[in-house]
Enquirer: 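Once you've had a glance at the structure underneath, I'll fire off some questions.
Hydrogens, waters and symmetry mates are skipped; everything else that's a heavy atom, side chains included, is used. Letters go in sequence order (proteins before strands), and every chain restarts at 1. As the structure is a prediction and not an experimental result, all values here were calculated from the model.
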Protein chains: 2
Amino acid sequence: MKENLTQPIQDYLKHIYALSEAGTPATTTDLAARLGVAPASVTGMIQRLAGLQPPLVTYRKHQGALLTPAGKRAALEVIRHHRLLETYLVTMLGFSWDEVHEEACRLEHVISETFEERIASALGNPTHDPHGDPIPSAALEMPTDESTPLLGLRPPHSAVIMRVQATDPPFLRHLNNLGLIPGARVQALAFSPFDQNLQVRVNEGEAQIIGAAISAKIYVEEKG
Amino acid sequence: MKENLTQPIQDYLKHIYALSEAGTPATTTDLAARLGVAPASVTGMIQRLAGLQPPLVTYRKHQGALLTPAGKRAALEVIRHHRLLETYLVTMLGFSWDEVHEEACRLEHVISETFEERIASALGNPTHDPHGDPIPSAALEMPTDESTPLLGLRPPHSAVIMRVQATDPPFLRHLNNLGLIPGARVQALAFSPFDQNLQVRVNEGEAQIIGAAISAKIYVEEKG
DNA sequence: ACACTAATTTAGTCTAACCTAAATTATAAA
DNA sequence: TTTATAATTTAGGTTAGACTAAATTAGTGT
Ligand SMILES: [Mn+2]
Ligand SMILES: [Mn+2]
Ligand SMILES: [Mn+2]
Ligand SMILES: [Mn+2]
């Protein structure tokens, strides 16, 4: 139960969580790509995490890694820090939503539980961050998320953007320019099955066409 | 001019700055004590810092270390982070002055220049932190400090507390209980040369006697 | 000038986290 | 079923930053 996890370990756990959330183990290669690290380094770290007392991941050779309860708890703690920090930076310090990921990714490993609690209550215990990502509660319960990719929306349905799965600052700035941010209402006007282009109207604005590389990263819920 | 300094290096520089501020080189032993590290580790690190391009310290065997201009700049940058963070935690997040040192000592190494600038302007570009320590400006100029130890105040002079040189939480809580905080007015009522006890009145309160272990850590300026 | 002590440095290890190159294993196609 | 390709693991090596124990140096008192 001791909390001596290093920054690299916390980042591994965070990414294993994201990759294995659907139930399928996180693979060496995917982790390596996300962490910006050589696959061999991932194998080494996974074996170490599986050998800790208590183990943070379960692992069988060539089968990828899954979090143990202890590993999941540690991952959710870091994710809570990250998302609360992003929210605080945007809400209280005037950062824009494309500036906060990097900053939060460094701060998340060093803030105390006291700091976590203070910013959470300064923000009114928010449940979602500026990108619409759910923030685990203080008890580490992850809010449920029913949203689905905008890519799947078909005319004439409309929906509300709940979440944007992106960290790349230029991409986030582009989405912002298009009005494709959480809370925006999007109506599907046309879908082209061959190139997967989707024509949409955002918040009563002009019709525009967006490719799958964009619409797959935007998550919506059909409402109204 | 690259900013790849690790957290341990930044902490070394910060402590070398504090120890050599008066002009005398920082000794291996003093650094080891402050950093909570073995003397041999300090020697190794100092030699490394002196060998960097550009060098961050000058060093002659057995003579201790002094900061180079580059080293001083890096140290002041960290100190500015630390003291702005302490101020922010107290002013904006409701921390008490004994809680902030540890937190700031971790955060100081990971905040961006943007973050630094945002909290500085949210605070109105303060020049002193909650303990009265001067905060280097954005241009890394250290505000001058003319204060002297309360230990040197003699009856019937009185003075204002400018600064408290302490990081130990219980000690800081004790000072707070006695009202010995920056801004408080202190009048010397009696001094006992043998035990160095000083009898003082704080802000029109009851007379009290404080030992040298306390009065040497409190810095004052005679005013009025 | 000399020797003792305290401070400092050297030498030799250790661990975490990364790397590259080579070897191995799994999976999918022929 | 065999084989090719891709994924993964192993082997061997590096760097930063710490440690202990041993050797050396500086400074002080005689
Ligand atoms: Mn991170
Ligand atoms: Mn986010
Ligand atoms: Mn620090
Ligand atoms: Mn301070």
Enquirer: Can you name the residues that form a side chain to side chain contact (heavy atoms under 4.5 Å, CB included) with T28(B), not counting sequence neighbours?
Expert: P39(B), V42(B), T43(B)

Enquirer: Taking atom P of dA16(D) as reference, at what distance in whole Å does atom CG of D11(B) sit?
Expert: 18 Å

Enquirer: Please list, chain by chain and in numerical order, all residues satisfying salt bridge (charged side-chain N to carboxylate O under 4.0 Å, His left out) with E86(B), sequence neighbours excluded.
Expert: none

Enquirer: Tell me whether K72(B) forms a cation-pi arrangement with Y17(B), defined as NZ or CZ under 6.0 Å from the six-membered ring centre and within 45 degrees of its axis.
Expert: no

Enquirer: For Q7(B) and dA16(D), what is the distance between atoms CD and C1' respectively, to the nearest whole Å?
Expert: 12 Å

Enquirer: Sequence neighbours left out, cut at 3.5 Å: what donor-acceptor pairs do the side chains of residues 190-199 of chain A make with other protein atoms?
Expert:
from, atom 1, to, atom 2, distance (Å)
S192(A), OG, D195(A), OD1, 2.7
D195(A), OD1, N197(A), N, 3.0
D195(A), OD2, N197(A), ND2, 3.1

Enquirer: In residues 12-26 of chain B, which ones come under 4.0 Å of DNA chain C, going by heavy atoms?
Expert: none

Enquirer: Restricting both atoms to N or O, compile the protein contacts to nucleotides 9-12 of chain D shorter than 3.5 Å, with distance only.
Expert:
from, atom 1, to, atom 2, distance (Å)
dT9(D), OP1, Y59(A), OH, 2.6
dT9(D), OP1, H62(A), N, 3.0
dT9(D), OP2, T28(A), OG1, 3.0
dT9(D), OP2, T43(A), OG1, 2.8
dT10(D), OP1, K61(A), NZ, 2.9
dT10(D), OP2, Q47(A), NE2, 2.8

Enquirer: From CE of M45(A) over to C1' of dA16(C), roughly how many Å is that when rounded to an integer?
Expert: 8 Å

Enquirer: Who passes salt bridge (charged side-chain N to carboxylate O under 4.0 Å, His left out) against R34(A), sequence neighbours left out?
Expert: none

Enquirer: Listed by chain and number, what are the ring-ring contact (aromatic ring centres under 6.0 Å, His included) partners of H101(B), not counting sequence neighbours?
Expert: H82(B)

Enquirer: Give the rounded distance in Å between these two atoms: CG of N4(B) and P of dC18(C).
Expert: 16 Å

Enquirer: L49(B) CG to dA18(D) P: how many Å, rounded?
Expert: 11 Å

Enquirer: Return the set of residues passing salt bridge (charged side-chain N to carboxylate O under 4.0 Å, His left out) with D30(A) (not counting sequence neighbours), or none when no residue passes.
Expert: none

Enquirer: Partners of H81(A) by ring-ring contact (aromatic ring centres under 6.0 Å, His included), sequence neighbours excluded?
Expert: none

